[in-house]
4 protein chains.
Amino acid sequence: MPKQKISEEELIWNSLKVFKRKGYHNTSMADIAEVCGLQKGSIYHHFKSKEELMKAVITTMHEHYNKEVFAYAYDERLTPEERLQKLEVYSNKIFLSSNSGCLMANIALETNDTMPEFSKLISAFFQDWINAMASIFNKKFKTEQALNLAKESVAEIEGAVMMMRIFDEQAYLARCHQRIFEKLQSDPIN
Amino acid sequence: MPKQKISEEELIWNSLKVFKRKGYHNTSMADIAEVCGLQKGSIYHHFKSKEELMKAVITTMHEHYNKEVFAYAYDERLTPEERLQKLEVYSNKIFLSSNSGCLMANIALETNDTMPEFSKLISAFFQDWINAMASIFNKKFKTEQALNLAKESVAEIEGAVMMMRIFDEQAYLARCHQRIFEKLQSDPIN
Amino acid sequence: MPKQKISEEELIWNSLKVFKRKGYHNTSMADIAEVCGLQKGSIYHHFKSKEELMKAVITTMHEHYNKEVFAYAYDERLTPEERLQKLEVYSNKIFLSSNSGCLMANIALETNDTMPEFSKLISAFFQDWINAMASIFNKKFKTEQALNLAKESVAEIEGAVMMMRIFDEQAYLARCHQRIFEKLQSDPIN
Amino acid sequence: MPKQKISEEELIWNSLKVFKRKGYHNTSMADIAEVCGLQKGSIYHHFKSKEELMKAVITTMHEHYNKEVFAYAYDERLTPEERLQKLEVYSNKIFLSSNSGCLMANIALETNDTMPEFSKLISAFFQDWINAMASIFNKKFKTEQALNLAKESVAEIEGAVMMMRIFDEQAYLARCHQRIFEKLQSDPIN
DNA sequence: GATGAATGAGGTTTCATTCAT
DNA sequence: GATGAATGAAACCTCATTCAT
């Protein structure tokens, strides 16, 4: 009889916010329940465990990025510079909207050595991000060099987001994007 | 039952390893006790809470870096390049010795929004690191530019360490150091 | 595992018995759990801490007295002597039913200097008791004298209950009630 | 080699203050150590357990009362009124010097049902007190009546001390002594 | 589907006590 | 005698999970 109070989508996005802020182990099912307006027990109608919920959160975020962000990297109607800018705009939207950094990085650094199932999902996400960046650099650079530039770029962005959070100083991200843009416009090494 | 089984120093360094690998919230006092060969309760002889222990760990690591690493950045007998290399050598020793990344970054991303006392200590550490890097760049660049290069560099290193851990791929760090070296040798912007 | 095994009312009254016998600090949540047929952790479903439980116990007892005992002191259909007797009958029922004295007094003497939240609740209880007694004496005595007689009476009863417990000698209470009766029938001081 | 830092006497009197204020179970050996300027472990050179210490405290207090207070009740050079006044003076000194009530009563109400060894010692104390009072009343009243008046009086004093502590209102004790004085001067029932 | 009571394992912490120095 | 490190039991409390209603 009881009507559904919240959609699975919403449940996942609400949980995401909490996990991003408080981390995996410090987030309790009660915390999740609270932001969803449910009782602890009710969450188990949707996810069979906290671990499954976290995996759903990671996966959902990954799919979202694939569709809404990384897709631009492959959009043949755009120049490489335009593509890069699209990714940047989205990055900014996410990373500047809260002071809590990047869900994927936060969870990765917290659980990389103890929750292999999360690690697999998270590295898949970063792989897709790197591939997207590489495909942009590919227009001007050779495969291997493009890949390296992509790896550098993703690493730099995550480094910048980390510092941004630690120092509460937004400039890090803008300067980082600036440098990536310069990479794209630099001369191929040979 | 009596007489010291472990020095406070050792206790801290053993704890550090566990905290780095498992994070703050997922490390139990029982875990700490185990790596120290003590009973749970005995740790409270040395630190009045898990939180105080974590703070001692952060502080000890910070002091260690100040003395053993950052000090090279101010060593007038060395050229800037030599100084940078000293820092790099040390970075490698730490970050390549395990697959668990950087204690400071791991704890920062896990607890930045919930444990302000840790955040303060951690940002002080990164500030000292940035200052050390800036003092190296200062030999060739103007203050502001040197500072920005220092910030970039620290962010890049942390980004590289993160990726290195996620992908278990050590190349990230070497290439990152390479790029920092190039920054040092590039022409000042004007 | 699910569905209520014990009502909150019962939980409180069962706890009360243990607290009265063993005191606050010497009563463990395990003790409480045992008399309630629950697991330790389950009690936290109903009360968020041992302290809150104790406060609920005190408050419940206070309300119970207000309704079931002190009310007689204000019952206009009864003579002062009848009112006094009603209170006495109830006193006897409580204080003679076990050898554990008076919950309020026991907890007060144990925790008065360390748990101010208990002290406030307990002194409110005694104040209501004194007011009830005063309202009986008021029929024959002036306000101030009635109040003093009430204070004396309550103190005497508590003193008697204490001695009764220490010496396991019930006569104390009966004689004490006798003296209070005589006070009521004595001549007003002027 | 280490010189004695505190005499056993002092240790007992210092402990007494803590036990009176915080009760038996809520006083830790660390608390005791602190007020004695010792380490926890050192207390065990003097008393083999917390329980033994508490018993020494009770016994010491009892002996002190016998010698310094109750003795006046048997002093043939004094009138009954003078004897009573001596006891009163002493009562006031003790009970008005802190807001923590009566050690014997506090410990009795906290532990009567769980620490029979304390109960025995405490009831012996109260018995001596009652006997002392009875010996005063004996000058004017018959044995049985004197005994009852003594019991009443002690109970009343303890009741007054309890109320005094709960309400932080010193008047209780003075009025109580006043009433006891009146008892002594009233006519024997005969 | 939602609820809320219950569970049991495990978390951090406290504490009386022991004992080598 | 005093110390301080260690112990282990037990304290309070949290939490992921289950399940009858």
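The shown structure was predicted, so the numbers you read here are calculated from the model rather than taken from an experiment. Chain letters run A, B, ... following the sequence lines, proteins first and then strands; every chain starts at 1.
Under a 3.5 Å cut-off, the side chain of C/Asn112 and the backbone N or O of C/Ser119 do not form any donor-acceptor pair. Side chain of C/Lys22 to backbone of D/Thr114: no donor-acceptor contact under 3.5 angstrom is found. Remark: side-chain polar atoms of B/Gln4 are paired, donor with acceptor, to backbone N or O of B/Ile6 under 3.5 angstrom. At distances below 3.5 Å, not a single donor-acceptor pair connects side-chain atoms of C/Asn106 with backbone N or O atoms of D/Glu110.
One interatomic measurement links the two molecules: NZ of B/Lys5 to P of E/dA20, which rounds to 14 Å at whole-angstrom precision. Between the NE2 atom of D/His46 and the P atom of E/dT17 there is a distance of 15 Å, given to the nearest Å. Following rounding to the nearest Å, B/Glu34 (CD) and E/dG11 (C1') show an atom-to-atom distance of 16 Å. The distance between atom CZ of D/Phe47 and atom C1' of E/dT17, rounded to the nearest whole Å, is 16 Å. For C/Leu38 and E/dG8, the CG to P distance is 11 Å, given to the nearest whole Å. Atom CD1 of A/Ile43 is separated from atom C1' of F/dC19 by 16 Å (rounded to the nearest Å). Computed from coordinates, the D/Ile6 CD1 to F/dA2 P distance equals 9 Å when rounded to whole Å.
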>> At under 4.0 Å between heavy atoms, how does the protein contact nucleotides 10-16 of chain F? Give one character per nucleotide, 5' to 3', with B, S or -.
In response: -SBBBSB

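Pair assignment for E/dC15: F/dG8, on the basis of Watson-Crick or G-U wobble contacts that are both within less than 3.5 Å. Nucleotide F/dA20 is matched to E/dT3 when pairs are restricted to Watson-Crick or G-U wobble geometry with both distances under 3.5 angstrom.
Distances from the side chain of A/Gln4 to the nucleotides F/dA5, F/dT7, E/dG1 place E/dG1 closest.
With respect to C/Glu52 and C/Lys55, a salt bridge is recorded, a charged nitrogen being found less than 4.0 Å from a carboxylate O. Salt-bridge check for B/Lys20 with A/Asp113: failed, with every basic side-chain N at 4.0 Å or more from each acidic carboxylate O.
At least one side-chain nitrogen or oxygen of C/His45 sits closer than 4.0 Å to the OP1 or OP2 atom of E/dA5. Look at B/Gln39 and you'll find a side-chain N or O under 4.0 angstrom from OP1 or OP2 of F/dG8.
Residue-level contact check: C/Ile32 touches neither bases nor backbone, having no heavy atom under 4.0 Å from any strand.
For A/Lys50 and A/Tyr44, the positive end is not near the middle of the six-membered ring at less than 6.0 Å and at most 45° from its axis.
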